[in-house]
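Naming convention: chains lettered A, B, ... in sequence-line order (proteins, then strands); numbering from 1 in each chain.
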Amino acid sequence: MVTIDLAQIPVRDANEQIRNYGEAGEDVEVINPDARHHIGVGLTSPISVHVKGSAGYFCAGLTDQATFYIDNNVGWGLGDNIYSGTVVVGGNAGAIPAIGIRGAEIIIKGNMGSRAGQVMKAGTLLCAGNANFMAGYMLYGGRIIILGDSGERVGEDMTGGEIFVGGKVQDLGSDAKLTDMTEAEHDSVREFLDRYEIPFKGNFQKIVNAGQKLRYGSPERQMRSIPFFTFSGASPYWNPKVQEDIHIKSQSGRYRIRGYGTARALPHLSDLAFAKDLSRINDSADVISKVHMYTEIGGLNGANPLKLSMPVMVSPMSYGALSRSTKHAIGLASAMSDIAENTGEGGMSDAQRSAAKQLIFQCLGGRLGWNIHDMKRADGLEIYISQGAKPGLGGQLMAKKVTKELADIRGIPAGIDLRSPSRHPDILGADDLVIKVEEFREATGYRLPVSVKLGAGRVRDDIKIAVKDGFDFIELDGMQGSTGAGSSEVIDFVGIPTLAAIIEAEEALAEIGRRQDTQIVLMGGMRDGVDAIKGLCLGADAIGFGTSVIIAGGCIACMQCHVGQCVTGIATQDPNHEKRYKPEIEAQNIHRFFESVRWQIAAITHALGYDDVRQLNRGDLVALTPEAAAITGLPYRPVGSESQSEVLAS
Amino acid sequence: MCGIAGILFKHDTPELTTGKALINMLDGCQHRGPDSTGFALYEAAHTGQLRLRFFVGEDEETDDSIQRIRQALAEHHATIVEEEVIGNNYRAIVDFTGNLQKFSYAIEHAAKVISIGASLEIVKDVGSADDVDKRYEVNKFQGSHGLGHVRLATESDVKPEASHPFWATGFADIAIVHNGQITNYWKMRRRLERRGFEFTTDNDSELIAVYLADKLSQGITLKAALRTSIDDLDGTFSFLVSTANEIGYAKDRLAAKPMVMYENEDLVAVASEEVSLNRLFPGQALQTKEPLPGTYATWSRSI
């Protein structure tokens, strides 16, 4: 047993020492903790850590196999996302104890704060005192035992798992019901109490999901296959898309769910043109060697940056929305083009990890597939706040795609219409987010860049907050971004176009004089190197490609990603469909697409008279439409003179 | 988006001043709000006297601002007893016995008022607790109680006047600090404005101060005003309020914003995080309590 004194060293050093003692198999006691945050975060060794006093936020968070004893109180997020292990708290716990846990036994001798066990997947949370508001909120699995009173709205929107209440059940949450407890469950709870020597004489009431909200009342109907340009509808009135919408709603009686991005014409990067004469673009044969395109992202605060051979990366797309084979192919292609890939929601597969040379691990509010081991083997971390296609809403994965295997990875019941939470349990404001970012850094030894993904909505405010919260870079996603499944109305009518988003972001950073303190990766409807270079001119440090990547890899843009029966084997979890997809071949196709992007970026940069992509600037662009001029403040030059003609992909 | 702190000493405590205690508590949660820091502090009141603080900036217009304030005070029959310029503040103690609300509004039209009170002084500026203490000597404030706040600006500007605490304009000695977001801000603001209340910023937290002022002006007790605030204010909030002799809190029903409190025979302390409370008692494990959602309370010094 070694002693670490937090009156003497900062938590960051203490956690480094705890992890080292963990590897050496040495137990640790922590004195003078004084309710400091992040104690023991990221520990993945089977040692015991005894905190002699109170701990702050995220104590024992993002750990596996360890045992924690905390003599007194703990703050928010006790045992955040813990995989296995034991945590015993002598006093009270703040809000969201056992948030998203995938196993482990967590015992709180006192009372616990609101939303205990939110998005918990497995394991046991026991509270010997009273629970607070919404215990078991969005519970997916595992059990919560409350010896005292339940608090209001217990079991709100729980999907799976059980809640046993020894005291008063004050008020049941939405889609929760009381049911009888089996003898076996009774014995199991008693055994648990005995094991932790917690005396309790009373009886329990059992709360489970009532099954009213697990699935949409009516299934999502498949559409006729109509091509995107028809689907998008040239006229605003009774075009094929509008008719399709009405037909589908006339059957389902609710809003539509569909895949893909907006079908509306919105101001975009194609409404801009280059200000200079690019007619000499073909004069040089080997532009790629003449232009410096290597870009590092995420290293501003000392983390190991992503090292991109050009200012391009793959946008987050989940294993779940996409098939395993597709994620594999994208990983391979990203390595061939030497750029970064992103896991999207729903976890990291071994195949994807080994295929991608650089991989960002996306972390969402539902904690679906999060775990400390995958975080540690990632090259960057991303806290998802929202996405451009449906800012403010969570993802949807229809039952057809929630297979047994996928459900296991995500830690949820199979066969539900999964509506991912739209917000993180532990991020209810910029102040909470500061502490969350720090937790990620503590858990990974400050080695990995931590980014935030923002769907463009309240861009000006959000960007400022992201910088103040200390993120290493920002992934800014405009309204033209796509989704695997979302409400059709939201996809078409909610959000801020990519073009407006980057302008607002740059203005916001200029207002607070902090442009040099962050990097922006712009995404949302990027189709080629020409779009990319315009984004770079407007200030982005790198560009994310999503939909174009899957199109390069065989997607036929039928917009039925949500259905789960994708004929190309991309947006499906059905083995019969997936077997059509050939990852090695599609990886080559995606790679070649990225190389075309590389050539376009090099050729245009060179033709603009530069030898480095970092020299690109606003002065290189003009606006072709009044809307684009109004949004960007660029000179309005509607008539395409020869010198302003846009360079098209070759 | 912020960190809040409040303290009330039940007896005189020579070893720890209110100012020092709040600086310590805020330093403990400065991560929640790096943009600005503020304090509501109380000193002994003298009958017929008011303490006034104004923002006057630190540029060529400062002297003009002070001249305007002096003129406005004279016009409203307030006689300056003591005055000083400290940081970007002009601070004055005046003899005044008229209607405070009318006086406050009139003065506010002439200058940027921070606070007016018989015993309250609000000190707030951009920077950390330490920065603000260095500029304004917050540690010297004795008093029996006070509030503190660290701010991370989200929707309004990083300016001294947009930082907390907010004074309940027109009502001596009442201040609030807030963590959260009031989502029915504009609706409530317009309702109060129609009834003659004035707002000096676009910060949603100012609404809480004006809301409480409205209730108190109708003769409603602070406790009752806190109770109705839980229903009337929509959004997320943990807020603290202080008056000449008490502190209180209210917390929303969603329990979305943290708050922890500690009480012993010498003091009551409330803060966003236990780490702030522990700054007062290093090395000790405290028996703290988390107020339940939708609750409120007040404490006063029993004399």
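Proximity to chain B is absent for every atom of A/Leu6, based on heavy atoms less than 4.5 angstrom apart. Using a 4.5 Å cut-off between heavy atoms, A/Arg458 touches chain B through its side chain atoms alone. Contact of A/Asp462 with chain B is not made at all, since no heavy-atom distance falls under 4.5 Å. B/Ser276 does not touch chain A: none of its heavy atoms, backbone or side chain, sits under 4.5 Å away. At a 4.5 Å heavy-atom cutoff, B/Arg279 makes no contact with chain A through either its backbone or its side chain. Only the backbone of A/Ala93 has a heavy atom closer than 4.5 Å to any heavy atom of chain B.
Using modelled atom types, one finds a donor on one side chain and an acceptor on the other under 3.5 Å when comparing B/Glu206 with B/Thr201. Judged purely by distance below 3.5 Å, without hydrogens or angles, the side chains of A/Ser54 and B/Glu274 pair a donor atom with an acceptor atom. Of the N and O atoms on the side chains of A/Asn15 and A/Tyr446, not one donor lies less than 3.5 Å from an acceptor on the other residue. Side-chain contact, B/Ser128 with B/Gln30: no donor N or O sits under 3.5 Å from an acceptor N or O. No side-chain donor-acceptor contact under 3.5 Å links B/Thr298 and B/Tyr249. Side chain to side chain, A/Thr3 and A/Glu29 meet the donor-acceptor criterion of an N or O pair below 3.5 Å. Looking only at atom types and distance, the side chain of A/Gln118 has no donor-acceptor partner in the side chain of A/His424 under 3.5 Å away.
Residue with the most contacts toward chain B among A/Asn73, A/Asn32, A/Asn92: A/Asn73 (heavy-atom pairs, distance under 4.5 Å). The candidate from B/Gly28, B/Pro34, B/Pro282 with the greatest count of non-hydrogen atom pairs under 4.5 Å with chain A is B/Pro282. When the candidates B/Leu286, B/Asp35, B/Asn278, B/Leu254 are compared by the number of heavy-atom contacts under 4.5 Å with chain A, B/Asn278 comes out ahead.
In terms of modelled atom types and a separation under 3.5 Å, the side chain of A/His37 and the main chain of A/Tyr57 share a donor-acceptor contact. When atom types are taken as modelled, the side chain of A/Asp149 and the backbone of A/Gly151 share no donor-acceptor pair closer than 3.5 angstrom.
Ring geometry, B/Tyr185 versus B/Phe199: the interplanar angle exceeds 60°, so the pair is classed perpendicular (tilted spans 30 to 60°).
Listed by sequence position, A/Asn132, A/Phe133 are the residues of residues 127-137 of chain A in contact with chain B, using a 4.5 angstrom heavy-atom cutoff.
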